Amino acid sequence: MTHPDSFNPILFQRIANRIHETPHQRITFAEFMELALYDPEQGYYATNQVQIGVAGDFFTSPHLCPDFGELLAEQFLDMWRVMGQPEPFTLVEMGAGQGLVAADVLKYLATRKQSAEASDDYAAFWTALRYLIVEKAEGLIAAQQRLLQPFQFSPDKVQWMGFEQLPKTGIVGCFFSNELVDALPVHQFVVQDGALQEVFVTVDAESRSFTEVISNPSTGRLAEYLVEQGIDIGAGYEDGYRSEINLAALDWLETVSQKLDRGYVLTIDYGYLAPQYYSPQRLQGTLQCFRRHGAHQDPYAYLGHQDITAHVNFTTLKKQGLALGLTSMGYTQQGLFLMALGLGDRLVANNNTSDISQLNEVIRRRETLQSLINPLGLGGFQVLIQGKGLNEKEQSQVLKGLQMP
Ligand SMILES: C[S@@+](CC[C@H](N)C(=O)[O-])C[C@H]1O[C@@H](n2cnc3c(N)ncnc32)[C@H](O)[C@@H]1O
């Protein structure tokens, strides 16, 4: 018998019912992933309260230390300065998890604005700042609201709204996400007899488990996407080659670009450019599942109790961005980005102590900061900054995080 902690039978039934409603008794892998992660009542993100963090299934940069959010705050301040200090400057954080980045950004800015050494800019930026959170999982919204309680004294400083409630156009500021795009549902494709085929999910009645069916693509957008990326699967891709296509990311960027009038889109995530992403040698794509800090490739295991992700194809974000009026301002790695924002100074701070207990603390802190920039780990994440509606002068200014560290 499957243990209830490792398999959610109610979620299984909900997905099975959805499959039975369809004419061909199957759903796309993208729909399966959407339901497994975001079914409003039973999905992984809806039910699992502690899945992100040291005690959970995976952790993200803000779980290591507040420095990630604090250095991001410096980048947001710099964007505001470059844009001529607009008021309001709206920061839209999409997919905020437990709200750690928001808490670290707001706490840092609130403290700096009171510090006598800090320039007046911190106080003026604080006044101009509106922080909007777009989050899909109700349970995480509740966790974010608990954490950000101290900042809700002024009704419009921090707010939560769905994409559909955000103004249709006219936002001035920055749309920001850390590890959102890898969590969007992806279509999976397979090369069969040299042709593009799609992975669908059905229910095996006998074993009461999900199985895959390979068939013609559910939408012409998959083939168009690959052509757009310069990928010809008829050439050099062997039968059985499998990978992912994130159509949801294209739709997400379109929504963001419509709502942003002037400012930036800052996307941090793990991923590759298209030639690496769709390298013929990467036979099994980039899909990964996380449970209790272990990674594996079986999305049907631990139903409702594991995260499912796919790497981000940054080429498509750049190309789709250009088509939508978003200019690429820079593309770098998290390690370089954070160093340019001042992580190096933090690494050497308090280095001269001779007190042994302090020394241990200094070493521990240095190791934590190193993890944010380690090129084999979080430091190897990609950072893409796109701009929209900026004038020539603003456009030509190299943002702080994109300068040589
Ligand atoms: C991998 S977690 C990252 C959380 C956080 N940014 C961090 O760095 O810890 C992905 C987050 O995106 C949210 N999410 C996924 N799809 C979303 C969507 N379409 N709109 C808003 N939030 C979404 C999830 O609920 C979750 O909070």
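Ligands are counted one by one from 1 in listed order, and the atoms in each one are counted from 1 as well. In this chain, residues are counted from 1 in sequence order. Quantities reported herein were computed from a predicted structural model and do not represent experimental measurements.
- Protein heavy atom nearest atom 15 (C) of ligand 1, with residue, atom name and distance: Tyr38 OH, 3.1 Å.
- Shortest contact from atom 24 (C) of ligand 1 to any protein heavy atom: Glu135 OE2, 3.5 Å.
- Phe89 and Phe125 have their aromatic ring centers within a separation under 6.0 angstrom.
- With a 4.0 Å cut-off on non-hydrogen atoms, Thr60 touches ligand 1 through its side chain and not its backbone.
- For the pair Arg242 and Tyr237, the cation-pi test (distance below 6.0 Å, angle within 45°) is failed.
- Shown in contact with Gly97 at under 4.0 Å from a heavy atom are these atoms of ligand 1, numbered in order with element: 4 (C), 5 (C), 27 (O).
- In terms of protein heavy-atom proximity, atom 19 (N) of ligand 1 is nearest to Lys136 CD, 3.8 Å.
- Close N/O approach between Leu140 and ligand 1 is not found [any backbone or side-chain N/O within under 3.5 Å].
- Between the Glu135 side chain and the Ala137 main chain, a donor and an acceptor come within less than 3.5 Å of each other.
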- Can Arg221 and Asp251 be said to form a salt bridge (Lys or Arg N to Asp or Glu O under 4.0 Å), step by step? CA-CA 12 Å; Arg221 287 181 78 192; Asp251 301 339; 2.9 Å; yes

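- The protein heavy atom nearest to atom 5 (C) of ligand 1 is Gly95 O, 3.5 Å.
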Considering only distance and modelled atom types, tabulate donor-acceptor pairs under 3.5 Å from the side chains of residues 373-388, sequence neighbours left out.
from   : atom 1 : to     : atom 2 : distance (Å)
Asn374 : OD1    : Leu376 : N      : 2.9
Gln382 : OE1    : Tyr331 : OH     : 3.0
Gln382 : NE2    : Gly380 : O      : 2.9
Gln386 : NE2    : Leu317 : O      : 3.0
Lys388 : NZ     : Ser257 : O      : 2.6
Lys388 : NZ     : Leu260 : O      : 2.8

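- Applying the ring pair (Phe, Tyr, Trp, His ring centres under 6.0 Å) criterion to Tyr264, with sequence neighbours excluded, gives no partner residue.
- In terms of heavy atoms, Gly69 sits closest to Val105 at O-CG2, 3.4 Å.
- With ring centers used as reference points, Tyr277 lies 6.0 Å or more from His311.
- Closest to atom 14 (N) of ligand 1, if we only count protein heavy atoms, is Leu180 CD1, 3.6 Å.
- Within the 4.0 Å heavy-atom criterion, the part of Ala96 lying near ligand 1 is the backbone and not the side chain.
- The contact set between ligand 1 and Ala137, taken as ligand atoms under 4.0 Å from a residue heavy atom, comprises 25 (O).
- Of the protein's non-hydrogen atoms, Glu179 O, 3.2 Å is the one closest to atom 1 (C) of ligand 1.
- Protein heavy atom closest to atom 8 (O) of ligand 1, with residue, atom name and distance, is Asn178 ND2, 2.8 Å.
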